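Before we start, here is the structure in question, set down as C-alpha cells.
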Amino acid sequence: MNITKILSDKYSSMRKAFGFQGWWPLLELHDKGINPAKSGSMKGYHPKDYSYPKNDSQRFEICLGAILAQNTSWSNVEKALMSLKSRRLLDAKRLLSADEKIILEAIRPAGYYNQKYRKLKIFTEFYIALDGKTPSRDDLLNLWGIGPETCDSILLYAYKKEEFVVDTYTRRMLKGMKLIDNSWTYDDVKELFEDNLPRDYKMFQEYHALIVERGKRMKVK
DNA sequence: AACCAGGACGTGA
DNA sequence: TCACGTCATGGT
C-alpha cells in the first residue's frame, strides 16, 4: 500500500463526509451568506472559491489570525479579530501606531495576550517592510513568535504557497492511521504530505481545513 | 471543575 | 537535542 493512495483516499473520504471547507475564514464573509450551511464558528468560510485573499486587508487579517490562533480556539480568535476590526486596527500601519493598551484590550479574548501583542507587533513591522512581496519561509521562521505551523499557515492561506500545514490534529490523525509516531518532527510530517501528494495549493488548503474539521468533530474527551 | 483549544519559546540537563 | 514549564482566555 503506497502512501500516496492512503493520503489521497483519506482526503477523498473526508471531503465526502464534510464537504468543501473553503479556508481561511474571513470576518467580512460572516453575514454575506457565502456559506449558509455553516454556522457559528464556521462562518467566514468560502468553499470552492480559492480567490482569497482578494486584497491586502484580507491578507493581513489571515496573518494576524494565524498568530492569534496559536493554541487557542477559533471562536476566541474571532472575538479578538472583530475587536481589532471595530477599532480599525486590522491594518498594518494603524496597528503599529496604536496604543498598547488598546491592542491588549482587543486581543485579550485570544489568550496569551502579552506574548501575542509582542508577536503581532514584530510580525507587522516585518509585513510592512515586505511592501507586498511574498516572504520567504526562512525569514518568517526567524521572526520571534512565528513557529513552523504559523509560518506555513501564513504562506499557504495568505500567499497561496504550496506549504503543507501540520498541527496537532494532523499528528493525531496520522497516528491513528499508524503512519507516524512521536519521533516524527514537524518537517518529517510536512514532507510526508508534500512528497506524496500533487503540489497544489488549493488541495493543500482543503486538506488541512478538512483535518481540522475532523479534529473538531472527534473530540478528545 | 479539570481539560482542551487550528503553538512557540525559554530553560536545564 | 529534548522534555518540561510558561503563557491566558473561554467553552464544555
Side-chain angles (χ1 to χ4, degrees), chain A residues 11 14 18 20-27 29 38-47 52 61-84 100-101 103-124 126 135 137-159 163-176 180-190 193 204-221:
Chain A
Y11 174 75
M14 289 195 293
F18 309 139
F20 286 97
Q21 298 300 299
W23 269 32
W24 186 279
L26 289 162
L27 291 183
L29 305 184
K38 305 283 186 183
S39 62
S41 64
M42 293 170 68
K43 292 186 294 187
Y45 290 34
H46 42 88
Y52 293 93
E61 177 187 327
I62 293 171
C63 295
L64 295 198
I67 293 170
L68 292 171
Q70 291 171 2
N71 201 38
T72 302
S73 62
W74 184 251
S75 62
N76 283 356
V77 175
E78 277 187 327
K79 288 170 189 160
L81 286 174
M82 288 189 291
S83 186
L84 285 171
E100 173 176 357
K101 294 193 186 228
I103 298 177
L104 287 175
E105 183 182 324
I107 68 174
R108 173 175 295 121
Y112 310 103
Y113 51 83
N114 289 307
Q115 288 191 345
K116 284 176 179 173
Y117 168 78
R118 204 177 143 206
K119 294 176 182 182
L120 291 187
K121 292 215 81 168
I122 292 172
F123 175 80
T124 302
F126 173 78
R137 189 165 192 272
D138 285 339
D139 284 349
L140 272 176
L141 287 175
N142 281 332
L143 295 177
W144 186 88
I146 306 294
E149 185 191 339
T150 307
C151 170
D152 289 332
S153 294
I154 289 173
L155 289 173
L156 179 61
Y157 292 104
Y159 292 96
E163 305 285 353
F164 205 93
V165 179
V166 177
D167 65 350
T168 54
Y169 290 142
T170 309
R171 290 177 171 282
R172 193 175 301 164
M173 183 186 82
L174 293 181
K175 267 192 237 175
I180 68 167
D181 57 37
N182 292 330
S183 70
W184 288 56
T185 67
Y186 180 95
D187 288 334
D188 291 339
V189 180
K190 175 183 170 70
F193 285 97
F204 281 16
Q205 289 183 345
E206 275 301 317
Y207 209 143
H208 175 65
L210 285 165
I211 290 173
V212 174
E213 179 63 18
R214 171 188 179 281
K216 283 177 173 174
R217 297 193 187 206
M218 303 178 60
K219 304 199 171 167
V220 197
K221 88 181 149 195

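Keep in mind the model is a prediction, meaning the values are calculated, not measured. Values below: all heavy atoms of this structure, side chains included; hydrogens, waters and symmetry mates excluded. Below, chains carry the letters A, B, ... as their sequence lines are ordered, and counting in each starts from 1.
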Looking at A/Y113, I'd like to know whether one of its side-chain N or O atoms comes within less than 4.0 Å of OP1 or OP2 on C/dT9.
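True: A/Y113 side-chain N/O within range (under 4.0 Å) of C/dT9 OP1/OP2.
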
Between B/dG6 and C/dA3, how far apart are the C1' atoms? Round to whole Å, please.
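Roughly 24 Å separates the two C1' atoms.
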
Taking only the side-chain heavy atoms of A/N76 (C-beta and beyond), determine which of C/dG10, C/dA8, B/dG6 contains the nearest atom.
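Of C/dG10, C/dA8, B/dG6, C/dG10 is nearest to the side chain of A/N76.
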
Sticking with atom P, work out how far B/dC3 lies from C/dG5, rounded to a whole angstrom.
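That atom pair is separated by 14 Å.
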
According to a cutoff of under 5.5 Å between the ring centres and under 30° between the ring planes, does A/W23 stack with the base of B/dG6?
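Yes, aromatic ring over the base.
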
By nearest atom, which of the nucleotides B/dG6, B/dA8, C/dG11 is closest to the A/P148 side chain?
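Of B/dG6, B/dA8, C/dG11, B/dA8 is nearest to the side chain of A/P148.
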
Touch check for A/I146, heavy atoms < 4.0 angstrom, all strands: base, sugar-phosphate only, or nothing?
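Counting heavy atoms under 4.0 Å across all strands, the contact made by A/I146 is with sugar-phosphate only.
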
Round to a whole Å and report the spacing from CD of A/E105 to P of C/dT9.
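Interatomic distance, CD of A/E105 to P of C/dT9: 14 Å.
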
Ignoring the backbone of A/T150, work out which of B/dA5, B/dA8, C/dC7 is nearest its side chain.
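Output: B/dA8.
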
Separation of B/dC9 P from A/K119 NZ (nearest whole Å)
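Between P of B/dC9 and NZ of A/K119: 6 Å.
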
Short question: side chain of A/Q21, backbone of A/F18 - any donor-acceptor pair under 3.5 Å?
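Confirmed, A/Q21 side chain pairs with A/F18 backbone.
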
Does the ring of A/Y169 meet both stacking tests against the six-membered base ring of B/dG6: centre distance under 5.5 Å and plane angle under 30°?
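It does not: the two rings, one from A/Y169 and one from B/dG6, miss the stacking criterion.
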
Nearest-nucleotide 5' precedence on DNA chain B, A/W144 against A/H208
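Closer to the 5' end of DNA chain B: A/H208.
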
Rounding to an integer number of angstrom, what distance separates B/dG10 and C/dA8 when you compare their P atoms?
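Rounded to whole Å, the distance is 14 Å.
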
Does A/I67 reach a base, just sugar-phosphate, or nothing at all? Heavy atoms under 4.0 Å.
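No contact at all - A/I67 keeps every heavy atom at 4.0 Å or more from the nucleic acid.
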
Just how far, in rounded Å, is C1' of B/dA8 from CD1 of A/I122?
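Checked: the CD1 to C1' distance equals 12 Å.
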
From the set C/dG11, C/dA8, B/dG6, return the single nucleotide nearest to any side-chain atom of A/P25.
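Out of C/dG11, C/dA8, B/dG6, the nucleotide with an atom closest to A/P25's side chain is B/dG6.
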
Choosing from C/dG11, B/dG6, C/dA8, which nucleotide comes nearest the side chain of A/Q115?
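The answer is C/dA8, which lies nearest to the side chain.
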
When the distance from CD of A/E78 to P of C/dG11 is rounded to whole Å, what number comes out?
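Rounded to whole Å, this separation is 12 Å.
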
How is A/K116 classified with respect to the nucleic acid when contacts are heavy atoms under 4.0 Å: base, sugar-phosphate, or nothing?
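Contact class for A/K116: none.
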
Under 4.0 Å between a side-chain N/O of A/R172 and OP1 or OP2 of B/dA5, yes or no?
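A/R172 to B/dA5 OP1/OP2: side-chain N or O found under 4.0 Å.
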
Sub-6.0 Å ring centroid separation between A/W23 and A/Y157
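Ring centres of A/Y157 and A/W23 closer than 6.0 Å.
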
Quick one: on DNA chain C, does A/N71 or A/T185 contact a more 5' nucleotide (nearest heavy atom)?
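The 5'-side residue here is A/T185.
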
Distance, rounded to the nearest Å, where A/Y112 contributes OH and C/dC7 contributes C1':
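One finds 6 Å between C1' of C/dC7 and OH of A/Y112, rounded.
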
Short question: side chain of A/S153, backbone of A/E149 - any donor-acceptor pair under 3.5 Å?
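Here the side-chain-to-backbone pair exists.
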
Under 3.5 Å donor-acceptor pair, A/K216 side-chain atoms to B/dG6 base atoms
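When only heavy-atom distances are counted, A/K216 does reach the base of B/dG6 through a donor-acceptor pair under 3.5 Å.
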
Any ion pair linking A/R217 and A/E213 (charged N to carboxylate O, less than 4.0 Å)?
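Yes, A/E213 and A/R217 are salt-bridged.
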
A/E206 side chain to A/G22 backbone, donor-acceptor under 3.5 Å
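Checked: pair present.
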
Donor on one side chain, acceptor on other, A/D187 and A/T185, under 3.5 Å
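Their side chains do not contain a donor-acceptor pair, so the 3.5 Å distance test is not met.
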
Nearest-angstrom distance from the residue atom CZ of A/R217 to P of B/dA5:
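Distance, rounded to whole Å: 17 Å.
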
Could you check which of C/dG11, B/dG6, B/dG7 has an atom nearest any side-chain atom of A/K79?
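For A/K79, the side-chain atoms sit closest to C/dG11.
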
Would you say a side-chain N or O of A/T168 is under 4.0 Å from OP1 or OP2 of B/dG7?
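Yes, such a contact exists.
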
Take atom CG of A/L68 and atom C1' of B/dA5, then tell me their distance rounded to the nearest Å.
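The distance from CG of A/L68 to C1' of B/dA5 comes to 14 Å, rounded to the nearest Å.
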
Residue met sooner reading DNA chain B from 5', once A/D167 and A/L141 are mapped to nucleotides:
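Closest to the 5' end, via its nearest nucleotide, is A/D167.
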
State whether a side-chain donor-acceptor pair under 3.5 Å links A/T72 with A/K116.
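Yes, a side-chain donor-acceptor pair sits under 3.5 Å.
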
Measure CG/A/L143 against P/B/dG7 and give the value in whole Å, please.
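Computing the A/L143:CG to B/dG7:P distance gives 19 Å.
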
